[in-house]
Amino acid sequence: MRIARTINENYVKSRVPRGFNLSAARAVQRRLSALVVEKPLSESRFVAGLDVAYVGNTAVAAAVVVDSISKSVMDSAIIYTRVDFPYIPTLLSFRELKPMVMAYKSLGRTPHVVMIDGHGIAHPYRLGIAAHFGVTMRVPTIGVAKSLLYGECDVGADASPILDPATGDQLGAVIRCGAGVGPTFISVGSLVSLPDAVRLTRELCVSSVMPLPILMAHRLANKAKKSVKPQ
DNA sequence: GCGACAG
DNA sequence: ATCTTGTCGC
């Protein structure tokens, strides 16, 4: 089944907080996206996964490092922080980047690559949260999402490229991690190649739409969330 | 014309 | 994402 999505900028504009300069944000996204580097990974054994859960305006961000050989957890970290910016499609990093960076920095071990719950360059301005993280932190990142934000692809296929409807450029790939599981959307964040991103994601997808590192981070964040005072 | 839109 | 019960499937 072929799907295609574009963004309604008026909808985005209607949700932006009073005083937020949207065109300036778009300019920043365009400028940073030019810094995205696509290259093969030199090492990919230790893979971190990042995810964020919420209790009101408190973000609970978790980072988990998985050994892709043994599939075991090598390290993990959780941080809690207040967020003020709302969720708005195409502006996710303005809400979640800081919590993710804090969780990442709390790790005691430096992973070879970071998988992030969200898109990389499969974004109307080529700067999804995984690309934003990779460019600002200067570490290899891969964007892995459960649904498409921008682009067109065939979700029925075993593997299909995600194309930019405006330019025809390839933005990423959508794959199936198994029968009965939904599609997994993959795109480069920075400092990795798409083939490496797809290979590593396939390797770490164990009967789930999400790869092990992100899945573990998701569970950890949700577990930690339970001990946060409701607001 | 209305609706859809990573998390 | 989060708010929420029971219910269907493996």
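All values derive from a computational prediction rather than experimental measurement. The chains referred to below are lettered A, B, ... by the order of the sequence lines, with proteins before strands, and numbering in each begins at 1.
In the set dT2(C), dA1(C), dG7(B), dG7(B) carries the atom at the smallest distance from any side-chain atom of Ser147(A). Checked against dA1(C), dT2(C), dC5(B), the side chain of Ile7(A) finds its nearest nucleotide in dC5(B). Here the side chain of Pro89(A) is nearest to one of dG7(B), dA6(B), dA4(B), namely dA6(B).
Taking atom CD of Glu9(A) as the reference point, atom C1' of dC5(B) lies 11 Å away to the nearest angstrom. To the nearest angstrom, P of dG7(B) lies 8 Å from CG of Leu92(A). Look at CZ on Phe185(A): it is 12 Å from P on dC5(B), rounded to the nearest Å. One atom, CD1 of Ile88(A), and another, C1' of dA4(B), lie 16 Å apart when rounded to the nearest Å. If you measure from atom CD1 of Ile214(A) to atom P of dA1(C), you get 12 Å, rounded to the nearest angstrom. One interatomic measurement links the two molecules: CG of Leu127(A) to P of dG7(B), which rounds to 16 Å at whole-angstrom precision. Lys226(A) places its NZ atom 12 Å from the P atom of dT2(C), with the value rounded to the nearest Å. As rounded to whole Å, 9 Å separates atom P of dA4(B) from atom OH of Tyr11(A).
Backbone-only engagement by Tyr54(A) is indicated by non-hydrogen atom pairs under 4.0 Å involving sugar-phosphate atoms exclusively. Using a 4.0 Å heavy-atom cutoff across all strands shown, Ala53(A) reaches sugar-phosphate atoms only and no base atom. Among the atoms of the strands shown, only primed sugar atoms or phosphate atoms (P, OP1, OP2) are found under 4.0 Å from some heavy atom of Asp117(A). Residue contacts shown for Leu91(A) include a base, since a base heavy atom lies under 4.0 Å away.
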Exercise. Report the C-alpha distance between Lys13(A) and Glu9(A) in whole Å, list the side-chain angles of each, state the deciding distance to 0.1 Å, and finish with yes or no for salt bridge (Lys or Arg N to Asp or Glu O under 4.0 Å).
Key: CA-CA 6 Å; Lys13(A) 203 170 299 180; Glu9(A) 196 69 7; over 6 Å; no
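Listed pair Lys225(A) / dT2(C) meets the phosphate criterion, a side-chain N or O lying under 4.0 Å from OP1 or OP2. Put simply, Tyr87(A) has a side-chain N or O that comes within less than 4.0 Å of OP1 or OP2 on dA6(B). The phosphate of dA6(B) (OP1 or OP2) has no side-chain N or O of Lys146(A) nearer than 4.0 angstrom. Between Thr90(A) and dC5(B), a side-chain N or O to OP1/OP2 separation shorter than 4.0 Å is absent.
Using a distance-only test at 3.5 Å, with no hydrogens or angles considered, no donor-acceptor pair links the side chain of Ser160(A) to the main chain of Ala157(A). Without hydrogens or angle criteria, Asp154(A) side chain to Met1(A) main chain gives a donor-acceptor distance under 3.5 Å. Side-chain atoms of Glu43(A) never come within 3.5 Å of backbone atoms of Pro111(A) as a donor-acceptor pair (strictly under, hydrogens ignored).
In this structure, Thr6(A) and Tyr150(A) approach most closely via the heavy-atom pair CA-CD1, 4.0 Å.
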